[in-house]
Amino acid sequence: MIEGKITRISGPIVYAEGLDGCGLYDVVNVGEARLIGEIIRLAAGKATIQVYEDVTGMKIGEKVVCEERPLSVRLGPGLVGTIYDGIQRPLATMYKDGNAFLLPGQRAEPLDTEKKWKFTPLVSEGDAIAPGVPVGTVQETASILHKILVPPTVRGRVIKTIVKEGQYTVSDVVAVTELDEEICLSQYWPVRKPRPYAQKLTVTEPLVTGQRVIDVFFPLSKGGTAAIPGGFGTGKTMTQHAVAKWCDADLIVYIGCGERGNEMTDVLTEFPSLIDPRTGRSLMERTILIANTSNMPVAAREVSLYSGITLAEYYRDMGMAVAIMADSTSRWAEALRELSGRMEEMPAEEGFPAYLPTRLAEFYERAGRVNTLCNKEGSVSVIGAVSPPGGDFSEPVTQHTKRFIRCFWALDRELANARHYPAIGWIESYSEYADEVREWWDKLDPRWASIRLDALDLLKREQRLEQIVRLIGPDALPDSERLVLIVADMIKNGFLQQNAFDDIDVYSVPEKQILILQLIMSYYHKALATIKMGAPLLKLLDLPIREEIVRIKTTVPNDKLEMIKAIESHLEEQIGGIERMYRKVATA
């Protein structure tokens, strides 16, 4: 161990000397309380350390001990269903120790070292192995089969010994290579270093969320990146909750980064009671929570994103599709700004450090769909919330984030105030994954691409017409353009808006989503053709089919889509009757 002493303290930034031989980003124990810290700048034995705990009461001259290893997380059975802080301290375990608040220097093992797991070997003595190859499995939860992987750092290529099937702790050695390298049920990995993979693949399959505005209009692929920017109260957290509950990812990593304590309390109390729609069991059986609230040490907030994505990459290497909810990257950027100011670095725009874009890129670029080292397909999808002050999307965090993500779900204040959920605005939002996931949708319904573009075009036309309506009123518009306003309202109320408290509307299967939108656009084209024959718009507005179409989302369950066929026949009958009437008039 290398020892030094503190020479200066500036909030969470501590300066020390006598640390010759230490490496950049090595973990250190700071002060008498042995607070966890990390060397972030090093020159001739003089180190700048960011401390991940409260430094109140620390004094100059106290010792600093370097552990000569980078900041790492422990990976193994027991991660799923656990609530950690930013540096992987299990909060529930520390609370049981009798402390409602984190105490300086308080420690707890990230994984339960006494619990025994049933290990089932997949290899035998003499078998060839390679980094990333599973040597056995552990049933971590009813939803997650945990594969014990050969660590990427193991050089041995043959198994010399392997334990028999049985009960083992996370510290037990289950296999030994011909180079006498031990493979345990758990392993460590540096949080700032991406885990290796064999090949990065193009994205082809959407992350199905059950939210119509996302899946149809602005799809996110498995292995993709998305941002949810919005001002206070527009529904960023609630949208991430809905995606976390209903998306078809195998595992969810939810990072509460700098959010208010009451919001994280809602997550911690709500998620265990939610039922996973895929398994019928608790959602926590496929969820890992990282809680780093705004009143926790700011430096730990900065590292929490790296901890979360390292856990996600670990499960990705098992061949799983993992989704990360980062709420919010703006609070993470504020932590960077505070630490940068403490280190007296030259600020860039709005006080953020000049390396803010680089750090954002490092985080989002760890997402992706990959071929793992054991030739399995896995993916990490990242959904980051952004909290621009005053809802100003031109501020630096939002603008830099847009450079590194390909899916932008912009939350609209007016929609949120109108109780339109999800409040994702269809004008500013976009998705660059539409072409990549088109083949998947075409197998489901070849009409998806054309209907999607048709509906988005109609909503843009409605926005332009609304400006005219504000000046001269809707009565001055011809019937064909008033129809655009009517059908746009049908899309908003009957398709885009979802009721999270309605048992049917809370989740829509992709087949139902496209059938609803197709029926609305079919109504528009049939009504427009009838108007061109001379029929007045009022005749069409009196038809009961319009209300029937808008109510499909709450009246037709996901497993009874044949009911939509009956509504489609009603549309043909009612508009067809008016069409036949005016065709006779035209030919008379």
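All values below come from the heavy atoms of this structure, side chains included, with hydrogens, waters and symmetry mates left out.
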*If every non-hydrogen atom of M58 is compared with every non-hydrogen atom of I6, which pair is closest and at what distance?*
SD-CD1, 3.5 Å
_Main-chain N/O of F218 paired to W409 side chain as donor or acceptor, under 3.5 Å_ = yes
_Regarding D250 and Y315, do their side chains bring together a donor and an acceptor under 3.5 Å, going by distance alone?_
no
*Distance (rounded to the nearest 0.5 Å) between T48 OG1 and L42 CG*: 8.5 Å
*Work out which heavy atom in C247 is nearest to a heavy atom in L207; give both atom names and the distance.*
CB-CG, 4.1 Å
*Are side-chain heavy atoms of T225 and F404 found at a separation under 4.5 Å?*
no
*Please lay out, stage by stage, how I288 and Y254 fare under the test side-chain contact (heavy atoms from CB on, under 4.5 Å).*
CA-CA 6 Å; I288 302 173; Y254 191 98; over 6 Å; no
*Quick one: pull up OG1 in T82 and CG in L289 and give me the separation to the nearest 0.5 Å.*
9.0 Å
*Side chains of F119 and T137 in contact at under 4.5 Å (non-hydrogen atoms)*: no
*Is a side-chain N or O of E53 found less than 3.5 angstrom from the main chain of G105, in a donor-acceptor match?*
yes
*Does a donor on one side chain and an acceptor on the other come within less than 3.5 Å for Y52 and Q50?*
yes
*Looking at side-chain heavy atoms only, is the closest gap between Y364 and I405 below 4.5 Å?*
yes
_Test salt bridge (charged side-chain N to carboxylate O under 4.0 Å, His left out) on E140 and K118; report intermediate values, then the result._
CA-CA 9 Å; E140 187 170 1; K118 184 181 179 182; over 6 Å; no
*Counting only N and O atoms by type, is there a donor-acceptor contact under 3.5 Å from the side chain of S429 to the main-chain atoms of A410?*
yes
*Would you mind reporting whether I40 and Y25 have side-chain heavy atoms less than 4.5 Å apart?*
yes
_Could you go through W332 and L360, starting from their C-alpha distance and side-chain angles, then the distance that decides it, and tell me whether this counts as side-chain contact (heavy atoms from CB on, under 4.5 Å)?_
CA-CA 10 Å; W332 172 78; L360 282 168; 3.5 Å; yes
*Inspect the contact between K160 and D180 and indicate whether a charged nitrogen and a carboxylate oxygen are less than 4.0 angstrom apart.*
yes
*Taking side chain as C-beta onward, heavy atoms only, is I144 less than 4.5 Å from L251?*
yes
*asked:* Show the nearest heavy-atom pair for residues L145 and Q139, with the distance to one decimal.
replied: CD1-OE1, 3.3 Å
*So among R359, R337, R331, which one has a salt bridge (charged side-chain N to carboxylate O under 4.0 Å, His left out) with E302?*
R359
*Exam field: side chain S304 to backbone G86, donor-acceptor pair closer than 3.5 Å*: no
*When rounded to the nearest 0.5 angstrom, what is the spacing between CD1 in I255 and CD1 in I383?*
11.5 Å
*When the aromatic ring centroids of H400 and F352 are compared, is their separation below 6.0 Å?*
no
*Residues T169 and T113: side-chain donor-acceptor under 3.5 angstrom*: no
*Nearest heavy-atom pair of R316 and P196: which atoms, and what distance?*
NH2-O, 3.8 Å
_Distance in Å, Y433 OH paired with R406 CZ, rounded so as to fall on 0.5 Å steps_ = 5.0 Å
*In sequence, state the C-alpha distance, the side-chain angles, and the governing distance for S340 and E345, and then conclude on side-chain hydrogen bond (donor to acceptor under 3.5 Å, both in side chains).*
CA-CA 6 Å; S340 175; E345 295 173 337; 2.7 Å; yes
*Kindly indicate, with the supporting measurements, whether the criterion salt bridge (charged side-chain N to carboxylate O under 4.0 Å, His left out) is fulfilled by D248 and K222.*
CA-CA 9 Å; D248 60 346; K222 287 182 178 176; 3.4 Å; yes
*pair T372-E377: side-chain heavy atoms closer than 4.5 Å*: no
*Do any N or O atoms from the side chain of D392 and from the backbone of P389 form a donor-acceptor pair under 3.5 angstrom?*
no
*asked:* Hydrogens and angles aside, do E67 and N29 bring a side-chain donor and acceptor to less than 3.5 Å of each other?
replied: yes
_Do R286 and S143 pair up side chain to side chain, a donor and an acceptor below 3.5 Å, judged on atom types alone?_
no
*Check step by step if side-chain contact (heavy atoms from CB on, under 4.5 Å) holds for V158 and T177.*
CA-CA 6 Å; V158 178; T177 71; over 6 Å; no
_Can you tell whether the side chains of R89 and E109 come within less than 4.0 Å, N to carboxylate O?_
no
*asked:* For the residue pair K46 and Y15, would you count it as a cation-pi contact if the rule is NZ or CZ under 6.0 angstrom from the ring centre and within 45 degrees of the ring axis?
replied: no
*asked:* Which label fits H146 and Y314: parallel for a plane angle under 30°, tilted from 30 to 60°, or perpendicular past 60°?
replied: tilted
*Are R192 and E38 within salt-bridge range, i.e. N to O under 4.0 Å?*
yes
_Donor-acceptor contact below 3.5 Å, side chain S381 vs main chain G223_ = yes
*Got more than 12 heavy atoms from elsewhere within 6.0 Å of NZ, K116?*
no
*Is there a donor in the side chain of E17 and an acceptor in the side chain of T7, or the other way round, less than 3.5 Å apart?*
no
*Would you give the length of the straight line joining atom CG of D85 to atom CD1 of I290, rounded to the nearest 0.5 angstrom?*
9.0 Å
*Is the CZ atom of R107 crowded by more than 12 outside heavy atoms at less than 6.0 Å?*
yes
_Charged N-O contact under 4.0 Å between E178 and R157_ = no
*Within 6.0 Å of CD in E114, more than 12 heavy atoms from elsewhere*: no
*Do R366 and E313 sit within salt-bridge range, that is, some charged N less than 4.0 Å from a carboxylate O?*
yes
_Quick check against the 3.5 Å criterion: does Q88 have a side-chain atom that pairs as donor or acceptor with the backbone of R74?_
yes
*asked:* Quick one, T204 and R369 - any side-chain contact, counting heavy atoms below 4.5 Å?
replied: yes
_In the structure I gave you, are the side-chain heavy atoms of Y306 and E362 within less than 4.5 Å of one another anywhere?_
yes
*Check the side chains of S294 and R301 for a donor-acceptor pair under 3.5 angstrom, ignoring hydrogens and angles.*
no
*Counting only heavy atoms not in F232, do more than 12 fall under 6.0 Å of its CZ?*
no
*Under a 4.0 Å N-O cut-off, is there an ion pair linking E32 with K59?*
no
_Nearest 0.5 angstrom please: K115 NZ to L185 CG, how far?_
12.0 Å
_Criterion side-chain contact (heavy atoms from CB on, under 4.5 Å) on K236 and L411, from CA distance to verdict_ = CA-CA 8 Å; K236 298 182 295 296; L411 298 181; 3.4 Å; yes
*asked:* Between R8 and E62, does any side-chain N to carboxylate O distance fall below 4.0 Å?
replied: no
*Do you know the tightest heavy-atom contact between I309 and F363?*
CD1-O, 3.5 Å
*Taking all non-hydrogen atoms of both residues into account, name the closest pair between I162 and V135 and its distance.*
CD1-O, 4.3 Å
*With a 4.0 Å cut-off, would you call K376 and D317 a salt bridge?*
no
*Would T398 and E395 count as having a side-chain donor-acceptor pair, cut-off 3.5 Å?*
yes
